[in-house]
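Owing to the predicted nature of the structure, the values given are computational and were not obtained by experimental measurement.
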Amino acid sequence: MSAIAAQEPRLNEQIRLDKCRLIDFDGNQMGVFSIEQAQSIADAAGLDLVEIAPNADPPVCRVMDYGKYKYDQAIKAKQARKNQTKIEIKEMKFRPKIDVGDYQTKKKHVLRFLEAGNKVKITIMFRGREMVHPDQGLSILERLADDLKDIAVIENQPKMEGRNMHMLIAPLPQTNAKKKDSKEDTKEGKVEDNA
């Protein structure tokens, strides 16, 4: 039996007990009944008998509309997923001998990623004899961090891993708050325009 199937409670005829503590549809305790009596009470109400606490003594069963319960749980889970924010990690690669124009272009891309609320992994790629001068890569990372200090914070300090040097930067919390406020303002503006 899989772990997912084990999480599902037993229903109606699947319940193999002698007796159970019964809870009615409104959540009131009705007492201890034999499983046959509890099933007949659930059938009379046109509802399901659901085992909610199998490890209790005696086990607890509840009379409920299980299909509606599952539907409500799915709606709540969907709302929870909708409200959570997903932070992506974007990556921007630099070379130790990057030119000024290329640096500015890549910096604009990093800025755009940060304004969107994403974290950015900055990678300096070394090839061949460039490995002798890791200080050149470090100076690029420090320069970028200094240029973006107003909107970003260094989350992971620069470190060498093989032929690459990495640094992780994240947007400052107030820039995220400003982004959310601007989104809400644009939504309100669209609603007013439609009216």
May I ask you to decide whether Lys76 forms a salt bridge with Asp72, counting only side-chain N to carboxylate O separations under 4.0 Å?
no
Taking only residues two or more places apart in sequence, or in another chain, which ones meet Glu161 in a salt bridge (Lys or Arg N to Asp or Glu O under 4.0 Å)?
Lys159
Non-neighbouring partners of Tyr69 that pass side chain to side chain donor-acceptor pair (under 3.5 Å), sequence neighbours left out:
none
Set of residues satisfying side chain to side chain donor-acceptor pair (under 3.5 Å) with respect to Lys121, sequence neighbours excluded:
none
Asp147: which residues meet the salt bridge (Lys or Arg N to Asp or Glu O under 4.0 Å) condition with it, sequence neighbours left out?
Lys107
Which residues pass the salt bridge (Lys or Arg N to Asp or Glu O under 4.0 Å) test with Asp102, sequence neighbours left out?
none
Taking only distance into account, with no hydrogens and no angle test, what donor-acceptor pairs under 3.5 Å do side-chain atoms of residues 91-100 form with protein atoms, sequence neighbours excluded?
from	atom 1	to	atom 2	distance (Å)
Glu91	OE2	Thr123	OG1	2.7
Arg95	NE	Met125	O	3.1
Arg95	NH2	Glu130	OE1	2.7
Arg95	NH2	Glu130	OE2	2.9

side-chain contact (heavy atoms from CB on, under 4.5 Å) with Asp146: which residues, sequence neighbours excluded?
Lys149
Show me, pair by pair, the donor-acceptor contacts under 3.5 angstrom made by side chains of residues 17-27, not counting sequence neighbours?
from	atom 1	to	atom 2	distance (Å)
Asp24	OD1	Asp26	N	3.2
Asp24	OD1	Gly27	N	3.1
Asp24	OD1	Asn28	N	2.7

Joining Ile, Leu, Val, Met, Phe, Trp and Tyr whenever any side-chain heavy atoms lie under 4.5 Å apart, the cluster holding Ile75 also takes in Tyr71
Using the test salt bridge (Lys or Arg N to Asp or Glu O under 4.0 Å), find all partners of Glu88 that sit at least two apart in sequence or belong to another chain.
Lys90
Does Ala53 have any side-chain contact (heavy atoms from CB on, under 4.5 Å) partners at least two apart in sequence or in another chain, and if so, which?
Ala56, Val60
Who passes side chain to side chain donor-acceptor pair (under 3.5 Å) against Gln136, sequence neighbours left out?
none
